[in-house]
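Below: one structure, written as structure tokens.
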Amino acid sequence: VDLLMTGAGARLTVAGELAPRTDAPDVDLVVGLTGSSFAELRPLLRTALPPWGPYGGAARLRISKWGYEVEDLRFAVGESVLEGRGALNTARQPKPLLDLALAASSIQLDDFPLADWSPFDAGAPADAAVTKGLAQQLQEGADAAGAQVQALLDPALLAANDANVRLQVREVRSGRDRLGRGEARAKVADGALEIDPVVVEMEGGAARLAVSYRPRGDDVETRTRVDVKRFDYGVIARRIKPDTDLAGTFSLDLDVAGRSPRLARTVARGSGHIDLAVWPERLHAGVFDLWATNVFLAVLPALNADVTRVNCAIREFDLADGVLRSRRVLIDTTNTRAEGSAVVDLPGNAIEARLVPQAKVPQFF
């Protein structure tokens, strides 16, 4: 069967055999799908997809009394190719089990541009955003994204199914640059989602992420752990703005658990710790438009009007019920070192900090 879906800009091909038996019907098919852009699939899937393409792939699909099995899966977007297999055991008791293993020998990030695409609705008109502060815009954006994720991770769906998903990427490239490798594992069990770990390894740096998500009545309970060691944030900046000269490395040790009716507010009600160290080579706002960067840049002139280089910045915080209290705050610049304390009230969107700069003097050691 060769089906051209004109409204979706895609072609679906199906070939195989159907062996109907009353006691155990079997279907063995080869299914292929090609198209020019994922975005054109919106009329078919009724959801917004990114403008990636052209794409194409095929897999062998088997349907039997115990469930569904996909073998010899190969799907390509541009130069990036994903291969693997999967199975959905619907006869398993007490719950169906999805088992999926995927691997990519190489992923080219240039095949996945986002441009102005967003998975969420545009929301308010552009002129309305002018009257809102940055903090309010960020909070509303986080609330909208969190609501979408909560809708996707429906408690009834998580409770009714189990899943194991494994992804391995042997090489990640951006243009001609080789960035590194990565892997991820995810599991759904006992009504909860665990993503542990997500590992990204690059030359000179590595990052590890673990996330747990569990519905609790009308609330959601989350825990996020991040361990980053001397990660080159210039790579991330250039993906956002290719012509930027932003450069430097950072390390992050984060462990935060929280509970709230809204996913976006779990950190604002959470507890744990956040330790961050930054070694900037070139630092300026405009790429990472976040409060941490803007506050940091606003503080520097007050410490020393003649700052020519920031050697490092260290911020270590304990988080309790949404309030960050510093254990250590340090900014080391060319001529000045400043130490002090800070309190960040996340629910109240307030920061109170005290930094004492001291001029450096010549020393033997």
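None of the values given here were measured: they were computed from a predicted structure.
In this structure Asp275 satisfies the side-chain hydrogen bond (donor to acceptor under 3.5 Å, both in side chains) test together with Arg327, sequence neighbours excluded. Residues satisfying the ring-ring contact (aromatic ring centres under 6.0 Å, His included) test with Phe38, not counting sequence neighbours, are Tyr55. Scored by the side-chain hydrogen bond (donor to acceptor under 3.5 Å, both in side chains) test, Arg170 finds no partners at all (sequence neighbours excluded).
By the 4.0 Å N-to-carboxylate-O rule, Lys187 lies too far from Asp162 to be salt-bridged with it. Electrostatic pairing of Lys360 and Asp332 counts as a salt bridge here, judged by a charged N lying under 4.0 Å from a carboxylate O. No salt bridge links Arg60 with Asp72; every basic N to acidic carboxylate O contact stays at or beyond 4.0 Å. Between Arg173 and Asp110, no side-chain nitrogen of the basic residue sits less than 4.0 Å from a carboxylate oxygen of the acidic one, so the salt-bridge criterion is not met.
Taking each heavy atom of Thr224 and Leu254 in turn, the nearest pair found is O-CD2, 3.4 Å. Scanning all heavy atoms of the two residues, the minimum distance from Leu355 to Gly340 falls at CD2-N, 3.9 Å. Of all non-hydrogen atoms in Val228 and Ala207, the two that sit nearest each other are CG2-CB, 3.9 Å. In terms of heavy atoms, Gly53 sits closest to Val77 at N-CG1, 4.1 Å.
A donor-acceptor pair is defined here as one N or O able to donate and one able to accept, closer than 3.5 Å; no such pair exists between the side chain of Ser326 and the backbone of Phe317.
With a 4.5 Å cut-off on side-chain heavy atoms, Trp52 and Asp111 do not count as touching.
Between His273 and the choices Leu324, Val256, Asp318, Leu319, the side-chain contact (heavy atoms from CB on, under 4.5 Å) rule is met once, by Asp318.
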